[in-house]
A.B. asks: 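After the structure tokens below, expect a handful of questions from me.
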Amino acid sequence: MSDFLEALRERVIIFDGPMGTSIHASGVTLDDYREQEGNSEVLNFSRPDIIQGIHESFLKVGCDVIETN
């Protein structure tokens, strides 16, 4: 935590991007939601590849912090 606070004192910290929009653009299907349409938490189990890819794309463009899905 102290590393985070120190970095925040020195510069602007960039958080991750639009998770919901990225999920919708990824091509998930209703089956991926396992009968819980709109519950993106389910995708952590049914489509971890998509969630990981989205997080990696945020890091690739320079985000410092990634929040969990």
Side-chain angles (χ1 to χ4, degrees):
M1 180 69 146
S2 63
D3 291 342
F4 174 77
L5 294 175
E6 184 61 33
L8 189 57
R9 285 184 194 98
E10 296 173 5
R11 62 188 176 86
V12 173
I13 302 294
I14 307 297
F15 276 78
D16 60 9
M19 193 65 182
T21 302
S22 298
I23 288 172
H24 289 295
S26 72
V28 294
T29 66
L30 290 177
D31 288 339
D32 294 330
Y33 283 102
R34 297 181 177 171
E35 299 181 13
Q36 297 183 48
E37 184 178 355
N39 180 359
S40 62
E41 304 301 323
V42 171
L43 300 174
N44 292 325
F45 301 103
S46 66
R47 295 301 307 268
D49 57 315
I50 287 176
I51 302 305
Q52 180 177 349
I54 292 169
H55 285 158
E56 288 173 354
S57 73
F58 294 156
L59 292 172
K60 186 180 270 187
V61 298
C63 290
D64 298 300
V65 177
I66 301 242
E67 297 180 277
T68 59
N69 178 29

A.B. asks: Nearest heavy-atom pair of G17 and C63: which atoms, and what distance?
C.D. replies: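 Taking G17 first and C63 second, the nearest heavy atoms are N-SG, 4.4 Å.
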A.B. asks: Out of curiosity, D49 CG to L43 CG, how far, rounded to the nearest 0.5 Å?
C.D. replies: 9.5 Å
A.B. asks: Over all heavy atoms of both residues, which pair between I50 and V28 is shortest? Give the atoms and the distance, please.
C.D. replies: CD1-CG1, 3.6 Å
A.B. asks: Between L59 and I54, is there a shared hydrophobic cluster once you connect ILVMFWY residues whose side-chain heavy atoms come closer than 4.5 Å?
C.D. replies: yes
A.B. asks: Run the side-chain contact (heavy atoms from CB on, under 4.5 Å) check on T21 and M19 step by step: do they pass?
C.D. replies: CA-CA 6 Å; T21 302; M19 193 65 182; over 6 Å; no
A.B. asks: State the OG-CG distance between S57 and D16, to the nearest 0.5 angstrom.
C.D. replies: 9.5 Å
A.B. asks: What are the two closest heavy atoms between H24 and Y33, and how far apart are they?
C.D. replies: CE1-OH, 4.4 Å
A.B. asks: If Ile, Leu, Val, Met, Phe, Trp and Tyr residues are connected whenever their side-chain heavy atoms lie under 4.5 Å apart, and connections chain through other members, are L5 and I13 in the same group?
C.D. replies: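 Shared cluster, yes.
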A.B. asks: If you count the non-hydrogen atoms of other residues, nucleotides and ligands that lie under 6.0 Å from CD in E10, is the total more than 12?
C.D. replies: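 It does: E10 CD has more than 12 such atoms within range.
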A.B. asks: Would a hydrophobic clustering, with Ile, Leu, Val, Met, Phe, Trp and Tyr connected at side-chain separations under 4.5 Å, put L8 with I14?
C.D. replies: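 In one cluster: no.
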A.B. asks: Can you check side-chain contact (heavy atoms from CB on, under 4.5 Å) on I51 and H55, steps first, answer last?
C.D. replies: CA-CA 6 Å; I51 302 305; H55 285 158; 3.8 Å; yes
